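As structure tokens, the structure follows; a few thoughts come after it.
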Amino acid sequence: MNADESENRNLPERRVDTKKSIVLGNIKEIPLEGLPEEVVVELKREYAKGMIDVNVLAVKYGVETQALAAALRNMSQETVNATRENTSITITRTQTDTLGKTEVIMGNTETAQKGKLTRSQSGLPDYTLAYIIAAVIIVIILALLLRH
């Protein structure tokens, strides 16, 4: 073995892209044999862009999942603290993100035990008062009409 061969053994192996397919998952591939070189280069560019997009989404979903987990831990701990202090607590949280809508009710009260959020707790408008006012107006109008 000469000095050049000994020196080259310590260098990282030079990789040449000789692969003639793109891996689409664990098994599936797109054969690239017979395609013009510019098409192969473009397909590889699109593949790399797609992999980057997938990784960006994975990070984004991971952050959102961790944030939700932290919020749930805090809510749970506050419930435990309130119970230890012999006080009542009902905590509600509604969150909509890229993972979907999450509705949580937690606490040591009967409301929390029922596990059902009211419309206002869910972030939806509560029309109960409007319905009552409308019913009163209808009754007044009907009474006036029937009196004549």
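Because the structure is a prediction, the values reported are computed rather than measured. The figures that follow rest on heavy atoms only: side chains count, while hydrogens, waters and symmetry mates do not.
Of the N and O atoms on the side chains of Asn108 and Thr79, not one donor lies less than 3.5 Å from an acceptor on the other residue. Residues Asn81 and Gln77 bring a donor and an acceptor atom of their side chains to less than 3.5 Å of each other. Checked by atom type, the side-chain pair Thr109/Ser88 shows no donor-acceptor distance below 3.5 Å.
If you chain together hydrophobic residues whose side chains sit under 4.5 Å apart, Val139 and Tyr131 never meet in one group. Cluster annotation: Ile133 and Leu144 are assigned to distinct hydrophobic clusters (Ile/Leu/Val/Met/Phe/Trp/Tyr, side-chain heavy-atom contacts under 4.5 Å, transitive). No chain of hydrophobic side-chain contacts below 4.5 Å, direct or via other Ile, Leu, Val, Met, Phe, Trp or Tyr residues, connects Leu99 to Val104. By the rule that hydrophobic residues join a cluster once side-chain heavy atoms approach within less than 4.5 Å of another member, Ile137 and Leu145 end up as members of one cluster. Connection of Val39 to Tyr47 is established within a shared hydrophobic cluster, with ILVMFWY side chains joined at heavy-atom distances below 4.5 Å, either directly or through further cluster members.
In this structure, Asn86 places its CG atom where only 12 or fewer heavy-atom neighbours from other residues, nucleotides or ligands lie under 6.0 Å away. The environment of CD in Glu110 is sparse: at most 12 heavy-atom neighbours from other residues, nucleotides or ligands sit within 6.0 Å.
When every heavy atom of Met106 is checked against every heavy atom of Ala112, the shortest pair comes out as C-CB, 3.8 Å.
With respect to Val41, the side chain to side chain contact (heavy atoms under 4.5 Å, CB included) criterion is satisfied by exactly one of Glu38, Glu37, Lys44: Glu37.
Separating the OG1 atom in Thr94 from the CD1 atom in Ile105 is a distance of 9.5 Å, to the nearest 0.5 Å. Within the model, atoms CD of Gln95 and OG1 of Thr102 stand 5.5 Å from one another, a figure rounded to the nearest 0.5 Å. Between Ile91 atom CD1 and Thr111 atom OG1 the span is 13.0 Å, to the nearest 0.5 Å. Distance check: Leu68 CG to Asp97 CG gives 7.5 Å after rounding to the nearest 0.5 Å.
Under the 4.0 Å criterion applied to side-chain N and carboxylate O atoms, Glu103 and Lys101 are assigned as salt-bridge partners. A salt bridge links Arg45 to Glu42: at least one charged side-chain nitrogen sits closer than 4.0 Å to a carboxylate oxygen.
Between Thr98 and Lys60 there is a side-chain heavy-atom pair separated by less than 4.5 Å. Between Leu35 and Leu43 the shortest side-chain heavy-atom distance falls below 4.5 Å.
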